[in-house]
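Structure first, commentary second.
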Amino acid sequence: MRTIELNKRQQTILQIVKDHGPITGEHIADRLHLTRATLRPDLAILTMAGYLDARPRVGYFYTGKTGSQLLTEKIKKIQVHEFSSIPVVVPESSTVYEAICTMFLEDVGTLFIVNKNSHLVGVVSRKDLLRASMGKQELNAIPINIIMTRMPNITYCFKEDHLLDVAHILIQKQIDGLPVVKKAPNDEGYEVVGRITKTNITKAFVELARDEMII
Ligand code: ADP
């Protein structure tokens with residue numbers, strides 16, 4: 001696993017704080033024969049990355065956390081809303097044919113089915129639609145709500161949930177994505193406000209690696 005790569009000066013600062021902390025910015029600067037202003041960006045990076053903590057009038061101290069501990073903490077904190085996408089919903093009055101068209105036009109792998117109050121009632125995946133297309137039936141004559149996975153069997157999440165928990169659920173249930181929902185007014189069901197898929201989680205993974213590399 002790649003962790004934050006500190007430059008030589010940042011490593012020296014870290015060592016000074018480990019050995020002499022808590023220590024003020026001025027004292028660190030004195031030891032390095034540099035100005036406080038020159039050190040400011042390095043101290044900001046070390047603090048933001050979680051290696052150092054700062055207390056007013058006390059100075060900097062070492063948190064004792066390794067790069068991989070900090071990365072793990074960062075991963076665990078990511079919430080669903082930071083990476084979710086716009087959901088694609090179809091009314092439950094749609095036919096299988098209409099759902100197939102929507103799936104192609106919107107370029108998604110999962111559709112969420114909603115009732116006339118816009119509450120989530122079902123989910124259909126690519127394979128559900130393929131299965132329905134295998135018979136000799138007229139696709140325009142098959143209502144989507146016959147083939148969908150329906151409530152209460154839908155797994156969903158909320159925007160404040162942790163992305164890592166969603167990733168575990170996707171693996172455990174062997175599905176591609178979850179609708180992100182919020183409780184509808186009057187406690188009557190759920191409205192779909194987003195979707196989170198394996199692709200979103202891959203994006204989070206790539207972004208995390210890119211952030212680590214910049215530092
Ligand atoms: P595919 O079937 O195209 O590989 P999935 O693995 O996501 O796509 O779906 C597998 C099955 O699980 C399908 O029957 C689908 O209706 C159902 N499913 C998909 N997402 C959910 C979900 N969030 N909750 C419950 N069932 C789901």
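Just so you know, ligand 1 is whichever comes first in the structure, and atom 1 is the first atom listed for that ligand. This chain uses plain numbering: 1 for the first residue, then up along the sequence. Quantities reported herein were computed from a predicted structural model and do not represent experimental measurements.
The shortest heavy-atom distance from G122 to ligand 1 is not under 4.0 Å. Within the 4.0 Å heavy-atom cutoff, G109 does not count among the residues contacting ligand 1.
In this structure, the protein non-hydrogen atom closest to atom 3 (O) of ligand 1 is K127 N, 3.1 Å. The nearest protein atom to atom 1 (P) of ligand 1, hydrogens excluded, is given as S125 OG, 3.5 Å; this is a heavy-atom distance. Atom 25 (C) of ligand 1 has as its closest protein heavy atom N153 O, 3.3 Å. I175 CD1, 3.6 Å is the protein heavy atom nearest to atom 22 (C) of ligand 1.
A distance-only check finds no donor-acceptor pair linking the side chain of N186 to the backbone of E188 [under 3.5 Å]. In terms of modelled atom types and a separation under 3.5 Å, the side chain of R195 and the main chain of P179 share no donor-acceptor contact.
Note: N117 CG to L120 CG = 12.5 Å, rounded to the nearest 0.5 Å. Note: L163 CG to H81 NE2 = 10.5 Å, rounded to the nearest 0.5 Å.
In this comparison of R131, R195, Q174, the heavy atom closest to atom 6 (O) of ligand 1 sits on Q174. The nearest non-hydrogen atom to atom 26 (N) of ligand 1, considering only T110, T149, V124, V123, comes from T149. Distances from atom 23 (N) of ligand 1 to the heavy atoms of L111, T155, L130 put T155 nearest.
Using modelled atom types and a 3.5 Å distance limit, the side chains of H27 and T24 yield a donor-acceptor pair. When only modelled atom types and interatomic distance are considered, N200 and S85 share a side-chain donor-acceptor pair under 3.5 Å.
Linking Ile, Leu, Val, Met, Phe, Trp and Tyr whenever their side-chain heavy atoms come within less than 4.5 Å puts V121 and V108 in one cluster.
Contacts with ligand 1 closer than 4.0 Å are made by heavy atoms of both the backbone and the side chain of D176.
Contact check for H119 versus V114: no side-chain heavy atoms found under the 4.5 Å cut-off.
Under a 4.0 Å criterion applied to the non-hydrogen atoms of R126, ligand 1 contributes the atoms 3 (O). For ligand 1, the atoms sitting less than 4.0 Å from at least one non-hydrogen atom of I154 are 24 (N), 25 (C), numbered in the order shown with element in parentheses. Which parts of ligand 1 touch G177 is read off a 4.0 Å heavy-atom cut-off, strictly below it: atoms 20 (N), 23 (N). If you number the atoms of ligand 1 from 1 as listed, the ones under 4.0 Å from a heavy atom of L178 come out as 23 (N). For ligand 1 and P179, the ligand atoms under 4.0 Å from any heavy atom of the residue are 23 (N).
For D128, a nitrogen or oxygen atom sits less than 3.5 Å from a nitrogen or oxygen atom of ligand 1, counting backbone and side chain alike.
The six-membered or imidazole ring of Y156 lies near that of Y190, with a centre-to-centre distance under 6.0 Å.
Between K65 and E73 there is a salt bridge, since at least one side-chain N of the basic residue sits less than 4.0 Å from a carboxylate O of the acidic one.
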